Structures are given as structure tokens and as C-alpha cells.
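The residues of the chain are indexed from 1 along the displayed sequence. Quick caveat, the model's predicted, so the values are computed rather than measured.
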Amino acid sequence: MPRPGGTLYRGYTGMWSWVLHRITGVAIFFFLLVHILDTALVRVSPEAYNAVMSTYKNPLMGLGEAVLVGAIVFHALNGLRIILVDFWSKGVKYQRFMFWGVIGVWVVLMAAFLPRHLMNVFSEGH
């Protein structure tokens with residue numbers, strides 16, 4: 001069965017940008033939902049709130065924080081790229097270049113963030 005031309009993604013940067021933007025957006029949404037619920041717990045029971053907060057002090061949650069920061073940074077940078085594609089007359093022409101620019105800036109920012117964050121996560125006092 002022949003494929004209609006131009007209607008299906010075939011694994012190019014536009015598809016990966018779209019997929020990653022949706023995944024990071026959903027992940028950020030669920031984090032915010034959990035954050036609102038666990039913060040609201042302080043009004044219901046301060047003891048339960050303290051118990052929940054103490055679970056966030058383990059290294060697994062510290063790794064989760066690193067993933068969350070990575071998702072937020074990618075989502076923000078890719079959102080700026082999408083704005084440029086939508087509103088800049090040459091945005092579509094340069095969207096592949098801008099996608100790889102987003103990836104490059106994301107890698108640099110995460111490389112600056114992760115060592116210090118992971119040192120704090122795995123330190124004695126954490």
C-alpha cells in the first residue's frame with residue numbers, strides 16, 4: 001500500500017522535536033500535579049507532609065530531580081525554537097539547524113548542572 005507523500009513522519013528532526021516536546025510537557029505537568037498535592041498536604045497534616053518530604057531526600061529522588069531539570073530545560077529551549085519556526089519568516093528553513101542548536105545548548109547546560117547536583121545528591125549530608 002503506497003504512503004501518501006508528506007503526511008507521515010519518517011524519523012527526521014521535526015518528528016523527534018515534536019515527540020520530545022510532548023513527553024517533556026506531560027512529565028512536567030505530572031510533576032506539577034504531584035508538587036501541588038504534596039505541598040497542599042501541609043494543611044491537612046503537617047506530620048504527613050514531613051513524612052512525604054523526608055522521602056524526597058534519598059538519592060533516587062535526587063536523580064529524578066536531575067531528569068526533571070533536564071526535561072524543563074529541553075522543553076523551554078525547544079519551545080523557543082518552535083516560536084522561531086512559527087513567527088520567523090526563515091524559521092522553517094532553519095528548523096533542523098535550530099533543533100541541533102537546542103540539543104547542543106541543552107547538553108552544555110546539563111553538563112554545567114549535573115556534576116554539582118550529583119555531588120549534592122550523593123554527599124554524606126543528603
Side-chain angles (χ1 to χ4, degrees):
M1 181 170 177
R3 290 184 183 175
T7 60
L8 299 173
Y9 283 119
R10 292 179 175 84
Y12 299 117
T13 55
M15 180 196 78
W16 290 113
S17 170
W18 183 88
V19 167
L20 290 171
H21 201 73
R22 294 323 180 264
I23 289 170
T24 56
V26 169
I28 293 165
F29 170 79
F30 281 113
F31 163 76
L32 289 174
L33 179 65
V34 169
H35 178 63
I36 289 167
L37 293 175
D38 67 17
T39 303
L41 194 58
V42 76
R43 294 181 69 65
V44 176
S45 168
E47 296 80 18
Y49 173 80
N50 289 335
V52 169
M53 290 300 113
S54 69
T55 64
Y56 292 148
K57 294 180 181 175
N58 71 53
L60 187 60
M61 289 303 221
L63 293 174
E65 289 172 347
V67 171
L68 176 65
V69 168
I72 291 169
V73 171
F74 175 82
H75 195 80
L77 293 171
N78 195 50
L80 293 173
R81 184 195 69 83
I82 290 169
I83 290 169
L84 286 173
V85 169
D86 286 346
F87 293 108
W88 181 32
S89 62
K90 296 182 182 183
V92 173
K93 180 180 178 181
Y94 294 111
Q95 76 164 333
R96 179 176 289 184
F97 173 76
M98 288 188 295
F99 174 75
W100 289 112
V102 164
I103 297 297
V105 171
W106 181 82
V107 166
V108 168
L109 291 174
M110 292 306 294
F113 165 76
L114 281 175
R116 181 65 176 241
H117 177 71
L118 294 177
M119 278 190 327
N120 289 333
V121 167
F122 294 108
S123 70
E124 297 279 330
H126 194 270

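- A donor-acceptor contact shorter than 3.5 Å is absent between the side chain of His117 and the backbone of Ala112.
- Within a 6.0 Å sphere centred on CZ of Phe97, other residues, nucleotides and ligands contribute 12 heavy atoms or fewer.
- Residues satisfying the side-chain contact (heavy atoms from CB on, under 4.5 Å) test with Val105, not counting sequence neighbours, are Leu77, Leu109.
- The side-chain contact (heavy atoms from CB on, under 4.5 Å) check on Leu68 picks up Phe31, Ile72, with sequence neighbours excluded.
- Residues Trp18 and Ile103 fall within the same hydrophobic cluster, defined by Ile, Leu, Val, Met, Phe, Trp and Tyr side chains chained together at heavy-atom separations under 4.5 Å.
- Met61 and Thr55 get closest at one heavy-atom pair: CG-O, 3.6 Å.
- Sorted by first and then second residue, the side-chain hydrogen bond (donor to acceptor under 3.5 Å, both in side chains) pairs with a member in residues 78-94 read Ser17-Asn78, Ser17-Arg81, His21-Asn78, Asn78-Arg81; sequence neighbours excluded.
- Rounding to the nearest 0.5 Å gives a distance of 10.5 Å between CG of Leu80 and NE2 of His75.
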Derivation and outcome, side chain to side chain contact (heavy atoms under 4.5 Å, CB included), residues Leu118 and Leu63: CA-CA 8 Å; Leu118 294 177; Leu63 293 174; 3.7 Å; yes
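- Connection of Trp106 to Ile28 is not established within any shared hydrophobic cluster, with ILVMFWY side chains joined at heavy-atom distances below 4.5 Å, either directly or through further cluster members.
- No chain of hydrophobic side-chain contacts below 4.5 Å, direct or via other Ile, Leu, Val, Met, Phe, Trp or Tyr residues, connects Phe99 to Val85.
- Looking at heavy atoms from C-beta onward, Gln95 lies out of side-chain contact with Ile82 at the 4.5 angstrom threshold.
- Applying the side-chain hydrogen bond (donor to acceptor under 3.5 Å, both in side chains) definition to pairs two or more places apart or across chains, those involving residues 31-51 are Asp38-Tyr56, Ser45-Glu47.
- Smallest separation of non-hydrogen atoms from Pro115 and Ala111: CD-O, 2.9 Å.
- Note: Phe74 CZ to Ile23 CD1 = 9.5 Å, rounded to the nearest 0.5 Å.
- Linking ILVMFWY residues whenever their side-chain heavy atoms come closer than 4.5 Å, directly or via other members, places Leu20 and Val107 in the same cluster.
- Between the CD atom in Glu65 and the CG atom in Leu60 there is a gap of 10.5 Å [rounded to 0.5 Å].
- Considering only residues two or more places apart in sequence or on other chains, Phe30 meets the side-chain contact (heavy atoms from CB on, under 4.5 Å) condition with Val26, Leu33.
- Listed by chain and residue number, Tyr12, Thr13, Trp100 satisfy the side-chain contact (heavy atoms from CB on, under 4.5 Å) test with Arg96 (two or more places apart in sequence, or in another chain).
- Contact record, Phe113 with Ala66: CE2-CA, 4.1 Å, taken as the closest heavy-atom pair.
- Under a hydrophobic clustering in which Ile, Leu, Val, Met, Phe, Trp and Tyr are joined whenever their side-chain heavy atoms come within less than 4.5 Å, directly or via other members, Met53 and Val34 fall into the same cluster.
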